[in-house]
Amino acid sequence: MNEKKEAVSVPGVNDITIRVVYDNNPYKEGLETAWGFACLVSGAEKTILFDTGGDGSLLLDNMEKLAIEPNGIDTVVLSHIHGDHTGGLSSFLEKNPNVTVYLPKSFPKRFKDNVRDKGAEIIEAEQSLEICENVYSTGQLGMLIKEQSLIIRTDRGLIVITGCAHPGIVKIVDTAKDLLKDNVLLVMGGFHLEWATAGKIEKIISAFRRSDVQYVGPCHCTGEKARTLFKKHFGKNYINIGAGKTITLADLQ
Ligand SMILES: [Zn+2]
Ligand SMILES: [Zn+2]
């Protein structure tokens, strides 16, 4: 009676740690908060900094407080061009230029040149692509503001991490599901619902339910109204995310 099991079953990572190093929501005492988002994904073949927040010194300060060594990071993934996600990059590259930076192909040439001038390698994401085993980019989605999201395949399902979700959080989740043909364990990051009506938020929650999303961790530009509604609907499967929050697979049981 297992007819829904996909034909190709590749085991995902079974040990992954996500640490939120930059967010406007507070979580861990002693960490600074400011508008923006960044998190560190470790446990896969590559150690990935997803987005860099808006302010380089705040990013590096928070990393230091969390005992994260910039030199231990080999990959940076930038979701989209907005300054609250890319602003910390130059300061980070000054500490460690020996990284590969994945950015949407639509980024301005000047931005790409600056990154190369600092000594980093660039990979431009247009279609979806594999960053390393079990870690993927959705490719750049959206019309006006192109954005890529990160997908991690774990042995329990997919983890989808978004920057601002400008292309639409439901579209991003559907893209991840279509791409990897797996269930969605966790969706986290900015959902961009700060100005959305309760009705629109409820529709998104229903779409998540239909897609069988197990856990949610809305932060950054999700907005308090949406965070409260997600919490109400997901109960213990709602993860309160802010600067300094650590998530492991053990938190997603
Ligand atoms: Zn943002
Ligand atoms: Zn944005």
Side-chain angles (χ1 to χ4, degrees), residues 2 4-5 11-31 33 37-44 48 50-51 62 66 134-135 149-165 168-177 180-194 196-253:
N2 218 355
K4 286 221 82 178
K5 256 274 174 255
V13 280
N14 58 19
D15 183 16
I16 202 94
T17 302
I18 302 163
R19 276 178 289 179
V20 177
V21 292
Y22 202 117
D23 192 38
N24 35 286
N25 298 286
Y27 184 80
K28 191 180 159 87
E29 214 172 308
L31 287 208
T33 55
F37 183 69
C39 68
L40 185 80
V41 178
S42 41
I48 301 165
F50 178 79
D51 282 342
N62 276 357
L66 293 167
N134 294 315
V135 182
S149 302
L150 198 67
I151 313 166
I152 305 155
R153 178 167 45 201
T154 77
D155 58 1
R156 309 250 323 284
L158 306 176
I159 295 176
V160 181
I161 308 179
T162 61
C164 264
I169 189 67
V170 172
K171 184 188 166 75
I172 294 169
V173 170
D174 289 348
T175 302
K177 278 190 81 161
L180 293 168
K181 312 270 182 275
D182 205 345
N183 63 301
V184 181
L185 179 63
L186 164 68
V187 184
M188 62 169 281
F191 289 8
H192 205 61
L193 298 171
E194 192 100 50
T197 60
K200 185 182 174 188
I201 297 163
E202 296 280 359
K203 272 193 187 140
I204 290 169
I205 290 169
S206 304
F208 271 39
R209 287 291 190 210
R210 277 197 303 278
S211 291
D212 203 22
V213 172
Q214 295 296 303
Y215 287 84
V216 291
C219 57
H220 179 40
C221 56
T222 303
E224 265 324 296
K225 190 192 335 171
R227 274 164 54 104
T228 305
L229 284 170
F230 270 103
K231 190 174 181 180
K232 186 179 135 201
H233 282 270
F234 278 82
K236 66 175 183 40
N237 286 16
Y238 171 89
I239 300 172
N240 179 27
I241 293 186
K245 172 73 178 176
T246 298
I247 301 150
T248 66
L249 282 183
D251 299 315
L252 310 171
Q253 295 300 335

Residue pair Met188, Ile239: steps toward the side-chain contact (heavy atoms from CB on, under 4.5 Å) verdict
CA-CA 9 Å; Met188 62 169 281; Ile239 300 172; over 6 Å; no
Does any part of the side chain of Arg19, heavy atoms only, come nearer than 4.5 Å to the side chain of Ser42, both counted from C-beta?
yes
Which residues share a side-chain hydrogen bond (donor to acceptor under 3.5 Å, both in side chains) with Glu194, sequence neighbours left out:
none
Contacts of Asn62 that satisfy side-chain hydrogen bond (donor to acceptor under 3.5 Å, both in side chains) - sequence neighbours left out
none
Can any side-chain N or O of Thr222 pair as donor or acceptor with the backbone N or O of Cys219 at less than 3.5 Å?
yes
If I compare all heavy atoms of Gly157 with all of Leu185, which pair ends up nearest, and what's the gap?
C-CB, 4.0 Å
Any side-chain heavy-atom pair of Leu252 and Gln214 under 4.5 Å:
no
Hey, could you give me the CG/SG distance between Asp23 and Cys221, rounded to the nearest 0.5 Å?
9.0 Å
I'd like to know whether NZ of Lys225 has more than 12 heavy-atom contacts from other residues, nucleotides or ligands below 6.0 angstrom.
yes
Should Phe37 and Asn24 count as side-chain neighbours, where that means a heavy-atom distance under 4.5 Å?
no
Measuring only between side-chain heavy atoms, which start at C-beta, is Lys200 closer than 4.5 Å to Thr197?
yes
Check side chain to side chain contact (heavy atoms under 4.5 Å, CB included) between Ala44 and all other residues, then give those that pass, not counting sequence neighbours.
Val13, Ile16, Cys132, Val135
Working note: Asn25 + His220, criterion side chain to side chain donor-acceptor pair (under 3.5 Å); need CA distance, chi angles, decisive distance, verdict.
CA-CA 7 Å; Asn25 298 286; His220 179 40; over 6 Å; no
Drop me the distance from Ile205's CD1 to Arg210's CZ, to the nearest 0.5 angstrom.
12.0 Å
Around Glu29, counting heavy atoms of other residues, nucleotides and ligands shown, do more than 12 lie under 6.0 Å from its CD?
no
Once side chain to side chain contact (heavy atoms under 4.5 Å, CB included) is applied, do any residues pair with Lys28, and if so which ones, sequence neighbours excluded?
Leu31, Leu66
Distance, nearest 0.5 Å, that separates CG of Asp15 from OG1 of Thr154:
11.0 Å
Do Ile152 and Leu158 have side chains that get closer than 4.5 Å, going by heavy atoms?
no
Can you give me the closest heavy-atom contact between Gly163 and Asp51, atom names plus distance?
CA-OD2, 3.5 Å
Applying side chain to side chain contact (heavy atoms under 4.5 Å, CB included), can you list everything that pairs with Asp251, at least two apart in sequence or on another chain?
Ile247, Thr248
So do Thr175 and Lys171 actually touch side chain to side chain, heavy atoms under 4.5 Å?
yes
Is the backbone N or O of Gly244 less than 3.5 Å from a side-chain atom of Tyr22, with the two atoms forming a donor-acceptor pair by type?
no
Non-hydrogen side-chain atoms of Ile241 and Tyr27 separated by less than 4.5 Å
no
For residues 233-253, pull every pair meeting ring-ring contact (aromatic ring centres under 6.0 Å, His included), keeping only residues two or more places apart or in separate chains.
none
Residue pair Thr33 / Ala243: nearest heavy atoms and the distance that separates them
CG2-CB, 4.2 Å
Hey, could you give me the CZ/CG distance between Arg156 and Leu249, rounded to the nearest 0.5 Å?
6.0 Å
Please enumerate all residues that pass side-chain hydrogen bond (donor to acceptor under 3.5 Å, both in side chains) together with Asn183, with sequence neighbours excluded.
none
Value rounded to 0.5 Å, distance of CD1 in Ile159 from CG in Asp182:
11.0 Å
I'd like to check Leu186 versus Val216 (side-chain heavy atoms, cut-off strictly below 4.5 Å). Are they in contact?
no
With rounding to the nearest 0.5 Å, note down the distance linking NZ in Lys231 to NZ in Lys236.
14.5 Å
Qualifying residues under side chain to side chain contact (heavy atoms under 4.5 Å, CB included), relative to Thr162, sequence neighbours excluded
Ser149, Val160, Ala165, Ile169, Ile172, Phe191
Please enumerate all residues that pass side-chain hydrogen bond (donor to acceptor under 3.5 Å, both in side chains) together with Glu224, with sequence neighbours excluded.
Arg227
